[in-house]
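In each ligand, atom 1 is the first atom listed, and ligand 1 is the first ligand listed. Just so we're clear, the structure is a prediction, and the values are computed from it rather than from any experiment.
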Amino acid sequence: MSTLKTFLLRVAASLLFLAVPVLGVWTFVTAEANGWWFPLNVSSYGGEIDYLFDLILWMVAITFVLTEGALVWLVWRFSRPDSSRAVFSHGSHKLEMIWTAVPALLLVFIAFSQMEAWSKVKIAMPDGTRPDEPYTVEKPLAEVYASQFDWRFRYPDAEGNFEGADVVESAYDFYVPVNTKVLVRLRSRDVLHSFFIPQFRLKQDAVPGMEIPVWFKAEETGSYELICAELCGWGHYKMAGKIHVLPEDEYEAWLANARTALYSNGSED
Ligand SMILES: [Cu+2]
């Protein structure tokens, strides 16, 4: 092959491999401007979750650029016509130690970095108690039932009881007050589901036979999507609801209205 042809082939091969990290990084750099990034966070702990996401993303990004850079350099360097023959190797103990130890250390670093956020979101309840202890101060606002393929929300009566005739039930639409720590009991009626509200950065599996406490504090009013994030059957795709974050007084009015409606025969007004 002519020297020029070989040279052009080497350039083409190296550029092809270079395109992968360039396109990869470009996608992330421009993601926010293109609307490909996260939906707006409206929950009190969402910022901490996003911080952890960014931390891990940076770790992955640096590793990605370094390894892709090495790959491009190797493609370029060893495609030279005068390159010596490849050496067959049975492995390097030292290298294996390094590529085992470095990811292990990074994982330990991630584990320690997420401890506080995890304990805040998943272990401690809003009143400081733990889910495996009976929570005394905070009463659950509602019970959330996931089932194939819908979401149901049950609000207790005025005394806080979930049994009896005065329990308000709502399907698909979940009403909660703004700027309030809301505690719910999550249950599944059949198979595994997952209670996922992207704008709250909240995702929790609903496990059959378990009652799982979940809490959040929405800081902005509005309607947000609630979706099932666990493939739960043929109708999984349509297992979506809405969470409506209302000002405190509007929430109270909605609940009072729903309670009155329980006893309405539809003939009034
Ligand atoms: Cu589901």
Should we count [atom1] of [X] as having more than 12 external heavy atoms under 6.0 Å?
X: Phe17; atom1: CZ; value: no
X: Trp36; atom1: CH2; value: yes
X: Phe38; atom1: CZ; value: yes

>> Restricting to ring pair (Phe, Tyr, Trp, His ring centres under 6.0 Å), what partner residues turn up for Phe112, sequence neighbours left out?
In response: none
>> ring-ring contact (aromatic ring centres under 6.0 Å, His included), that's the test. Do Phe195 and Trp151 meet it? Break it down for me.
In response: CA-CA 9 Å; Phe195 183 70; Trp151 295 102; 5.6 Å; yes
>> Testing the basics here: between Cys228 and His236, what is the closest heavy-atom pair and its distance to 0.1 Å?
In response: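 Where Cys228 meets His236 most closely, the heavy atoms are O-CE1, 3.0 Å.
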>> Closer than 2.8 Å to the Cu ion (ligand 1): how many protein N, O or S atoms are there?
In response: 4
